[in-house]
Amino acid sequence: MPVDPHYRPDPVYLTLGDEVADPVTPARFPKHVLRFRNQRWAQRVGLGALDQAEWEAAFARFQPLPDNLPRPLAMRYHGHQFQHYNPQLGDGRGFLFAQLRDAVDGRVLDLATKGSGTTPYSRGGDGRLTLKGGVREILAAELLEARGVPTSKAFSLFETGESLWRGDEPSPTRSSVLVRLGHSHLRFGTFQRHATHGRHDLVGRLVEHAIAHYLPEAQADPDAATMPPLAFLRAVVGRSAKLAARWMAAGFVHGVLNTDNMLVTGESFDYGPWRFLPRWDEGFTAAYFDHQGLYAYGRQPQAVLWNLARLAEALAGVLGDAPAMPILNEFAPVYRQAFVEAWLERLGVAPRGFEADRDLVEASLQLLAETQLPFDHLFHDWYGGLASEARAEASPVAAAYADSNAQPFREALREYEAAHPERLAEAVMQAPAPCSLLIDEVEAIWAPIADRDDWSLFEAKIAEIRAYGAVMGNAPAAPAT
Ligand code: AMP
Ligand code: MG
């Protein structure tokens with residue numbers, strides 16, 4: 001492998017010792033057909049120059065990267081799943097493959113897998129990922145990135161030539177192995193596991209590790225010197241509140257907000273039964289197995305706060321008498337502020353102060369709820385505010401804007417200026433419909449892949465999402481040469 005100056009290996013997980021993970025052997029697959037290579041992010045981490053054979057050796061056969069983890073590590077964690085504690089978890093079909101630095105901002109990033117074989121935590125599962133599961137994770141991560149949600153990136157997907165049996169897909173179904181690039185895989189459940197085992201020494205070590213490598217704001221926190229777990233928790237609460245706010249403005253329903261699917265870096269990851277919101281409906285649920293709607297669209301902020309309370313409990317052994325409750329109470333104000341900010345960002349208007357901005361959001365919600373206008377259309381049609389009025393009135397859903405429930409919104413918008421007027425001329429803004437990913441489209445992208453191995457719709461969608469993200473200022477910058 002040619003050594004690129006932007007490739008900066010830094011396997012920091014090894015500094016935690018050998019009680020936080022288990023070395024594992026990757027599966028060997030009958031076939032390796034490359035289906036997705038994230039060249040933009042490969043360049044960001046100094047892996048953009050890998051040729052096809054090198055990419056396959058790394059991301060299908062998992063030969064170690066230079067000066068990186070000598071063996072893949074199945075990470076140890078537990079978690080609350082649908083509010084029930086499950087001590088049988090851990091990486092059951094994935095592992096940490098490598099850690100390296102982002103060449104632009106210096107953050108430590110993980111390359112980790114899904115579908116790379118069984119581990120001590122597979123619990124009778126096959127350790128595999130369906131091809132459709134891989135395709136769905138790529139699509140979700142790409143649109144979230146384009147909408148400015150902090151998210152892991154899909155990095156590589158190989159189809160692997162096996163037949164899998166699944167209850168939720170017509171089976172047998174095709175197999176794949178996914179590699180994702182993420183800002184740590186330190187889950188809330190990682191802390192829960194060691195706390196449950198009474199290993200508060202390890203919990204303390206994980207807290208120090210997270211602060212040192214992932215949470216610069218916690219380093220600057222006044223509690224950092226005397227009570228690191230408080231500084232840690234405050235940072236995680238703040239980041240998680242902002243993440244939840246961004247999901248909500250993006251119309252994203254994660255689907256499985258278990259504590260093993262939440263990272264302390266406030267980055268979103270692990271996209272299984274996700275959906276984007278078609279119309280305003282707080283009860284809209286993504287996972288077919290979420291019978292109670294516990295993780296429905298409108299319940300996500302609450303679910304995140306519930307998870308943070310479980311993280312705080314896991315810290316009890318290192319917090320001593322220091323109270324966690326006041327920090328958990330910081331969630332709501334941070335969330336409210338971040339939600340309004342993210343909403344205005346999606347509308348492309350410049351903020352005017354919290355009170356006014358909140359009124360604009362409320363007027364938008366009235367319009368969305370009462371007219372059942374397609375969610376993404378609102379932001380697309382009115383991007384930049386009244387500067388887009390003529391376009392909104394020519395929209396295929398313009399009838400909603402003539403409704404009396406649109407009046408408070410249109411009135412409120414009068415006071416607002418476009419935050420990025422130059423974007424209005426772009427082709428993606430002039431298009432009649434927004435760049436969306438509703439379930440029917442996801443299925444329509446998958447169908448030709450399943451029927452005749454036709455990837456053209458998938459590739460066109462990635463290109464469309466990226467063009468939209470670039471206009472929104474959410475494309476990754478290339479490292480300086
Ligand atoms: P997930 O639904 O991917 O967040 O996974 C929840 C837990 O189930 C984790 O411990 C996974 O590693 C494990 N798991 C999910 N699917 C499989 C599978 N096909 N084989 C083995 N373990 C799995
Ligand atoms: Mg998971």
Side-chain angles (χ1 to χ4, degrees), residues 20-22 24-27 29 72-97 110 112-138 140-141 144 151-152 154 157 160 162-169 171-194 196 243 253-265 267-275 285-290 294-295 300 303-304 307 310-311:
V20 291
D22 299 81
V24 289
T25 305
F29 299 111
L73 296 174
M75 299 173 110
R76 296 180 178 178
Y77 57 85
H78 291 170
H80 275 93
Q81 300 187 304
F82 291 87
Q83 301 191 339
H84 296 285
Y85 195 69
N86 187 347
Q88 313 293 325
L89 299 181
D91 276 337
R93 54 168 163 172
F95 49 64
L96 179 65
F97 173 60
D110 290 359
T113 62
K114 192 167 187 176
S116 50
T118 55
T119 75
Y121 307 101
S122 300
R123 296 176 293 162
D126 59 9
R128 303 303 201 264
L129 173 67
T130 66
L131 182 62
K132 188 178 186 186
V135 163
R136 282 179 49 89
E137 173 141 347
I138 295 168
L144 288 171
T151 177
S152 66
L157 186 76
T160 48
E162 297 176 321
S163 292
L164 307 179
W165 295 85
R166 290 289 185 274
D168 56 348
E169 281 183 43
S171 296
T173 188
R174 290 149 75 180
S175 64
S176 69
V177 67
L178 175 80
V179 178
R180 70 164 80 97
L181 181 68
H183 193 33
S184 101
H185 281 73
L186 296 176
R187 299 159 160 92
F188 292 10
T190 310
F191 293 76
Q192 289 181 288
R193 178 191 207 268
H194 302 298
T196 298
L243 172 61
V253 191
H254 181 284
V256 197
L257 292 184
N258 294 334
T259 57
D260 53 303
N261 282 342
M262 305 259 334
L263 300 177
V264 299
T265 53
E267 191 177 86
S268 167
F269 82 121
D270 209 6
Y271 305 122
W274 60 268
R275 294 217 184 172
T285 302
Y288 69 92
F289 47 84
D290 184 359
L294 182 67
Y295 300 141
Q300 295 184 115
V304 170
N307 290 341
R310 304 292 80 74
L311 176 64

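Only heavy atoms go into these numbers, but all of them, side chains included; no hydrogens, no water, no symmetry mates. Whatever order the structure lists them in is the order used to number ligands and atoms, beginning at 1.
- Given atom 10 (O) of ligand 1, the protein heavy atom at minimum distance is G90 O, 2.7 Å.
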- [ ] Show your working on side chain to side chain contact (heavy atoms under 4.5 Å, CB included) between L89 and Q81 and close with a plain yes or no.
- [x] CA-CA 10 Å; L89 299 181; Q81 300 187 304; 3.6 Å; yes
TODO: Test side chain to side chain contact (heavy atoms under 4.5 Å, CB included) on Y85 and H80 and set out the steps.
DONE: CA-CA 4 Å; Y85 195 69; H80 275 93; 3.4 Å; yes
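- At a cut-off of 2.8 Å, N258 does not coordinate the Mg ion (ligand 2) through any N, O or S atom.
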Task: Test log, rule side chain to side chain contact (heavy atoms under 4.5 Å, CB included), inputs V304 and L243 - done: CA-CA 9 Å; V304 170; L243 172 61; over 6 Å; no
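- The backbone N or O of P26 lies less than 3.5 Å from no partner atom in the side chain of S116, so there is not a single donor-acceptor pair.
- Checking only distances, R93 does come within under 3.5 Å of ligand 1, N or O to N or O.
- Residue contacts with ligand 1, taken as heavy atom pairs separated by less than 4.0 Å, involve D270 solely via side-chain atoms from C-beta onward.
- Of all atoms in ligand 1, numbered sequentially from 1 with element shown, those under 4.0 Å from a heavy atom of G127 are 18 (C), 19 (N), 20 (N), 21 (C).
- Within the listing of ligand 1, atoms 4 (O) sit less than 4.0 angstrom from a heavy atom of N261.
- Among protein heavy atoms, atom 19 (N) of ligand 1 sits closest to D126 OD1, 2.9 Å.
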Task: Criterion side chain to side chain contact (heavy atoms under 4.5 Å, CB included) on Y271 and R136, from CA distance to verdict - done: CA-CA 7 Å; Y271 305 122; R136 282 179 49 89; over 6 Å; no
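- When distances from the Mg ion (ligand 2) to the N, O or S atoms of D270 are compared, OD2 comes out shortest.
- Pairing each heavy atom of G125 with each of T118, the nearest pair is O-CG2, 3.7 Å.
- Distances from atom 5 (O) of ligand 1 to the protein include no heavy-atom value under 4.0 Å.
- At a heavy-atom distance under 4.0 Å, only side-chain atoms of R166, from C-beta outward, approach ligand 1.
- Residue G272 places no heavy atom under 4.0 Å from ligand 1.
- At a 4.0 Å heavy-atom cut-off, ligand 1 does not touch V256 at all.
- Within the listing of ligand 1, atoms 7 (C), 8 (O), 10 (O), 13 (C) sit less than 4.0 angstrom from a heavy atom of R123.
- The nearest N, O or S atom of D260 is not closer to the Mg ion (ligand 2) than 2.8 Å.
- Every atom of ligand 1 with a heavy atom of G125 under 4.0 Å away is listed here by number and element: 20 (N), 21 (C).
- With respect to R180, the side chain to side chain donor-acceptor pair (under 3.5 Å) criterion is satisfied by exactly one of D110, D270, T113: D270.
- Side-chain contact check for K114 versus R93: some heavy-atom pair is nearer than 4.5 Å.
- Expressed to the nearest 0.5 Å, how far CG of L157 lies from CG of L129 amounts to 7.0 Å.
- Residue Y77 has at least one heavy-atom neighbour below 4.0 Å for each of these atoms of ligand 1: 9 (C), 10 (O).
- Protein heavy atom closest to atom 12 (O) of ligand 1, with residue, atom name and distance, is G92 N, 2.6 Å.
- Numbered from 1 in the order shown, with element, the atoms of ligand 1 that lie under 4.0 Å from a heavy atom of D91 read 12 (O).
- Proximity of F269 to ligand 1, defined as any heavy-atom pair under 4.0 Å, is not found for any part of the residue.
- A salt bridge (Lys or Arg N to Asp or Glu O under 4.0 Å) with D91 holds for exactly one of R187, R76, R193, R123; it is R187.
- Checked by atom type and distance alone, the side chain of D290 pairs as donor or acceptor with a backbone atom of Y295 at under 3.5 Å.
- Centroid-to-centroid, the aromatic rings of F269 and H185 come within less than 6.0 Å.
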